Every structure is written in C-alpha cells, then in structure tokens.
2 protein chains.
Amino acid sequence: MRSYKQFCGVAKALDVVGERWTLLLVRELLLGPRRYSDLLSALKGLTTNLLADRLRRMTAEGLIERVTLPAPSGARVYQLTARGRELEAVVLALGAFGASYLTEPGGDAVNLRWAALSLKRRWNGTGEGTMVLRAPTRSFTIVLGAPLLVMDGELPADVVLTGEEPELLAALFGADSVTVDGDAAVWKAFRDGLR
Amino acid sequence: MRSYKQFCGVAKALDVVGERWTLLLVRELLLGPRRYSDLLSALKGLTTNLLADRLRRMTAEGLIERVTLPAPSGARVYQLTARGRELEAVVLALGAFGASYLTEPGGDAVNLRWAALSLKRRWNGTGEGTMVLRAPTRSFTIVLGAPLLVMDGELPADVVLTGEEPELLAALFGADSVTVDGDAAVWKAFRDGLR
DNA sequence: CGGCATCCGTCATGATACTG
DNA sequence: CAGTATCATGACGGATGCCG
C-alpha cells in the first residue's frame with residue numbers, strides 16, 4: 001500500500017479505502033454482516049487471495065471486525081465497525097454519481113442487495129412504517145424514517161413485497177409487478193418518497 | 001482499466017474515478033482550472049506519464065476539458081465539466097471521513113489549497129460576505145452562503161486575510177496569527193460557522 | 001519550459017492450485 | 001468453509017528523451 005503522503009483528509013481517506021475492491025466490500029457490509037464466502041460469491045472477479053488481503057487490511061485499519069455468531073449458527077462473519085459505518089456517506093455519494101451510468105445491465109452482474117442499498121440515497125420522503133422485500137432466497141427489511149434504514153433479513157412489518165429478484169428489483173424502480181401484502185398505503189408512501 | 005462489471009452506481013462510479021490519483025485530480029480542479037505543470041507540482045509522486053494518461057481518460061469520460069485561456073495568458077488549462085463537478089460531493093465525503101486521520105503533518109505535504117477546499121465541508125454557518133485569503137504566491141476568495149463558495153484568485157471582498165501560507169492555514173483551524181483587513185465581523189462570523 | 005511519450009524496475013492485482 | 005501459496009500479468013513509479 002502506497003500512501004499519498006499528503007496532509008489532506010481526501011488523500012488520507014484514499015490511503016485507507018482507495019485500493020481496488022475496498023469500497024465495494026464496505027458497500028456489501030452496509031446492510032449487515034457477511035461471511036467470507038458471501039463476499040466472494042457476491043463480488044465476481046475478486047479472487048480469494050485478494051479478499052483475504054483486503055479483509056486483513058480493513059481489520060487492521062479498524063473498518064471491520066470478525067465476529068463469531070452465537071450457537072447454533074457459529075458462523076464467522078465480518079461486520080463494519082463504527083468507523084467503517086462512517087463510510088456510508090462516501091458510498092452513497094459514489095452511488096449518486098454513478099447512477100447516471102446505469103442504463104442497461106448488459107453483461108453486468110445484477111444484485112437485489114445493491115438496489116436495496118441505493119434506496120438509502122434515493123429516499124427523500126417522510127412517513128412511518130416497516131416493509132419487507134421477500135425474494136426466494138433472501139429478504140430485506142426497510143424502515144421508513146430519516147434516515148431510511150435498510151438491512152438484511154426480515155423483521156415484523158406493515159407490508160410485505162413478494163416476488164422473484166428481478167421483479168422486486170423492477171418494483172424498486174417504478175414497475176409494479178410484485179405481490180403486496182399488508183398496508184398498501186405504506187408501500188405507496190415509500191414509492192412516492194423515492195427519487 | 002478493468003471494470004467491475006456490476007450494475008450498481010457505486011461500482012460504476014469506481015469504474016470511472018477509482019484509479020489512483022483520479023479523485024485527487026478532481027480535488028485539485030474543484031477550486032478552479034489548473035495547468036498541466038500546476039497539477040504535476042502539486043501532486044508529488046504523480047509522474048508525468050501517469051498524469052498525461054489520467055487527463056486523457058478523464059477527458060474521454062467527460063469529467064474534464066482542456067481550455068485555452070484568452071490572450072494575453074493563452075495558457076492551456078484543465079477544468080471540470082458539469083459532470084466532473086458532480087464529484088464534489090464524493091470528494092467532500094472522503095474529506096470528512098479522512099479528517100480524523102489528520103493529526104500531525106509529519107512528513108506529509110501541506111497545501112493551503114487543500115485546507116481551503118476543506119472549508120466547503122466544514123462550513124455549517126449562515127451569513128453574508130466575501131473574504132480573501134492572500135498568501136505570498138496565491139490567493140483564494142471565499143463567498144459566505146449556502147453552499148460556501150471557495151475559488152482560486154482574488155475578487156473584491158469585505159475582508160482580506162494576509163499571511164504566510166502556514167499562518168493562513170493555521171488561521172483556518174483556529175489560530176489567530178494573520179492580519180485581518182476590513183470587516184472583522186465577517187471574519188468572526190466565518191470562524192464561528194466552521195466545525 | 002510546458003506537454004507529453006518511452007523504457008524499465010517494482011509492486012499490486014488476477015488466476016489457479018492447494019490446505020487446515 | 002475459510003483461507004494460504006504460487007505464478008503470470010498489468011498498473012504504477014522513476015528516469016529520461018523528444019518536440020514545439
């Protein structure tokens with residue numbers, strides 16, 4: 001790792017998170033803890049040696065920590081520290097800038113998780129309520145408020161959106177192809193508060 | 001340049017600005033246009049071949065453009081396009097994150113220009129007025145408002161701060177070692193509006 | 001001198017194989 | 001599942017040369 005050696009916050013930040021893959025790992029962890037293999041399968045092109053290296057460095061920098069979940073899971077997961085969560089503003093700002101490059105997926109990987117995270121920057125509304133996005137193999141919970149909370153997994157919710165991943169993803173961008181169970185007003189308020 | 005191939009704004013942004021030096025070049029240009037040699041001398045460690053490469057890519061991406069200033073200057077300068085200026089939020093967010101790493105300069109390069117840019121994210125005050133920071137070899141103009149405007153050069157101002165670069169830099173972080181000419185109330189309001 | 005291009009050594013990254 | 005080891009490749013850093 002080569003430091004810029006500049007007494008400047010921007011340069012110092014890039015010394016810490018400027019290497020390839022680092023900020024994408026932060027993005028992955030912003031919705032909740034993930035296992036080594038979760039990260040590896042989500043980030044095509046990131047090789048196992050480089051993932052190990054990045055996780056080691058990020059741990060040394062105090063951005064993430066490795067935690068062993070209580071039994072019966074017992075899984076080892078990586079999660080953001082308080083300092084790591086400070087990078088949310090950076091990730092969301094990058095997402096806002098890069099959004100204009102999102103026209104057609106083409107051959108790019110598509111991921112409902114990334115779309116869910118983008119809600120945090122697209123949300124400018126108000127209102128209350130809790131929503132669940134339920135895809136066949138994973139779910140997300142969204143808590144309306146300021147700021148909008150988006151996290152892995154299901155919590156008790158006012159409304160549950162059910163569909164295949166592509167349908168749920170489309171629903172987050174305007175299409176209306178999912179099953180809405182519960183308080184439809186919460187879903188409408190959410191949709192109206194997105195930009 | 002290797003793309004992440006992910007249909008995600010964060011990844012797309014990093015495809016464009018994720019390479020080494022690119023965001024530091026954006027930072028340099030956020031206060032105004034600069035010549036090739038300005039950039040080279042400000043960024044120690046950036047070599048001439050790599051600067052040429054980055055400027056070429058950034059031009060191709062529509063982040064910057066090369067402009068020839070009118071006579072008598074006639075200098076060729078690089079400046080941000082509208083799309084490039086959208087990166088200000090990214091740079092400021094990085095600066096906020098990296099600020100906690102700024103304790104002692106140590107052997108790091110110090111630059112009044114970087115400190116002046118940091119004012120944009122540190123400013124949370126209100127008020128009106130125009131200030132000039134005048135160092136021996138360069139000046140900056142600051143226009144109070146929302147957002148705070150910081151730019152290269154001098155414009156007519158309510159108050160002029162004069163000093164050596166290290167003194168002016170210290171003044172922006174709390175010390176009071178500079179000469180204040182003009183409306184001291186503007187200077188005080190500015191200082192009180194910084195975090 | 002400003003504005004690059006070329007050459008070369010080094011280091012970061014990518015691909016694959018292998019291990020506790 | 002969670003990594004380590006090894007090797008090939010490409011990006012980067014440093015010096016130097018070219019050209020108006």
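Just so you know, these numbers come straight off a predicted model, no measurement behind them. Letters go in sequence order (proteins before strands), and every chain restarts at 1. As a basis for the values below, the full set of heavy atoms in this structure was taken, side chains included, without hydrogen atoms, waters or symmetry mates.
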Exercise. Rounded to whole angstroms, how far apart are CG on B:L51 and C1' on D:dA15?
Worked result: 16 Å
For this session: Starting from the first five and the last five pairs of the helix from C:dC1-D:dG20 to C:dG20-D:dC1, work out the angle between the resulting helix axes, to 10 degrees.
Result: 30°
Exercise. In whole angstroms, how far is the C1' atom of D:dC12 from the NZ atom of A:K5?
Worked result: 17 Å
Exercise. In terms of side-chain heavy atoms, does B:R57 have a donor or acceptor partner in B:T22 at a distance below 3.5 Å?
Worked result: no
Seminar exercise, completed: Whole-Å distance, A:R34 CZ to D:dG3 P, equals 15 Å
For this session: Would you please name every residue forming a side chain to side chain contact (heavy atoms under 4.5 Å, CB included) with A:T59, sequence neighbours left out?
Result: A:I64
Problem set entry | Between C:dT16 (C1') and A:K44 (NZ): distance, integer Å | 18 Å
Problem set entry | N/O donor-acceptor pair under 3.5 Å between B:Y4 side chain and A:W21 backbone | yes
Dump every N/O contact between nucleotides 4-8 of chain C and the protein below 3.5 Å, one line per pair.
from: C:dC4; atom 1: OP2; to: B:R66; atom 2: NH1; distance (Å): 3.1
from: C:dC4; atom 1: OP2; to: B:Y78; atom 2: OH; distance (Å): 2.6
from: C:dC4; atom 1: N4; to: B:T48; atom 2: OG1; distance (Å): 3.2
from: C:dA5; atom 1: OP2; to: B:R56; atom 2: NH2; distance (Å): 2.5
from: C:dT6; atom 1: O4; to: B:N49; atom 2: ND2; distance (Å): 3.4

Problem set entry | Heavy-atom pair of closest approach, residues A:I142 and A:L119 | CD1-CD1, 3.5 Å
For residues 130-137 of chain B, dump all side-chain donor-acceptor pairs below 3.5 Å to protein atoms at least two apart in sequence or in another chain.
from: B:R134; atom 1: NE; to: B:E154; atom 2: OE2; distance (Å): 2.7
from: B:R134; atom 1: NH2; to: B:E154; atom 2: OE1; distance (Å): 3.0

Problem set entry | Pi-cation contact, B:Y36 with B:R66 (under 6.0 Å, within 45°) | no
For this session: Begin with the C-alpha distance, continue with both residues' side-chain angles, and end with the deciding distance and a verdict on side chain to side chain contact (heavy atoms under 4.5 Å, CB included) for B:L149 and B:W123.
Result: CA-CA 10 Å; B:L149 295 182; B:W123 175 248; over 6 Å; no
Exercise. According to a 4.5 Å side-chain heavy-atom criterion applied to Ile, Leu, Val, Met, Phe, Trp and Tyr, with indirect links allowed, do A:F173 and A:V180 form part of one hydrophobic cluster?
Worked result: yes
Exercise. Say you draw a straight line from CD of A:E86 to CG of A:L63; how long is it, rounded to the nearest 0.5 Å?
Worked result: 9.5 Å
Give me the distances for all protein-to-nucleotides 10-12 of chain C N/O pairs that come in under 3.5 Å?
from: C:dA12; atom 1: OP1; to: A:M1; atom 2: N; distance (Å): 2.7

For this session: Rounded to the nearest angstrom, tell me the gap between atom CG in A:L24 and atom P in C:dT13.
Result: 13 Å
Exercise. Counting any heavy atom closer than 4.0 Å, what does A:S37 reach on the DNA or RNA strands: base, sugar-phosphate only, or nothing?
Worked result: sugar-phosphate
Exercise. Among all residues two or more places apart in sequence or in another chain, which pass the side chain to side chain donor-acceptor pair (under 3.5 Å) test with A:K188?
Worked result: A:D192
Exercise. Within the distance-only criterion (no hydrogens, no angle test), does the side chain of B:R27 pair as donor or acceptor with the backbone N or O of B:G95 below 3.5 angstrom?
Worked result: no
Problem set entry | side-chain N/O B:W21 vs D:dA11 OP1/OP2, d < 4.0 Å | no
Problem set entry | Protein-nucleotide distance (A:L25, atom CG; C:dT13, atom P), rounded to Å | 12 Å
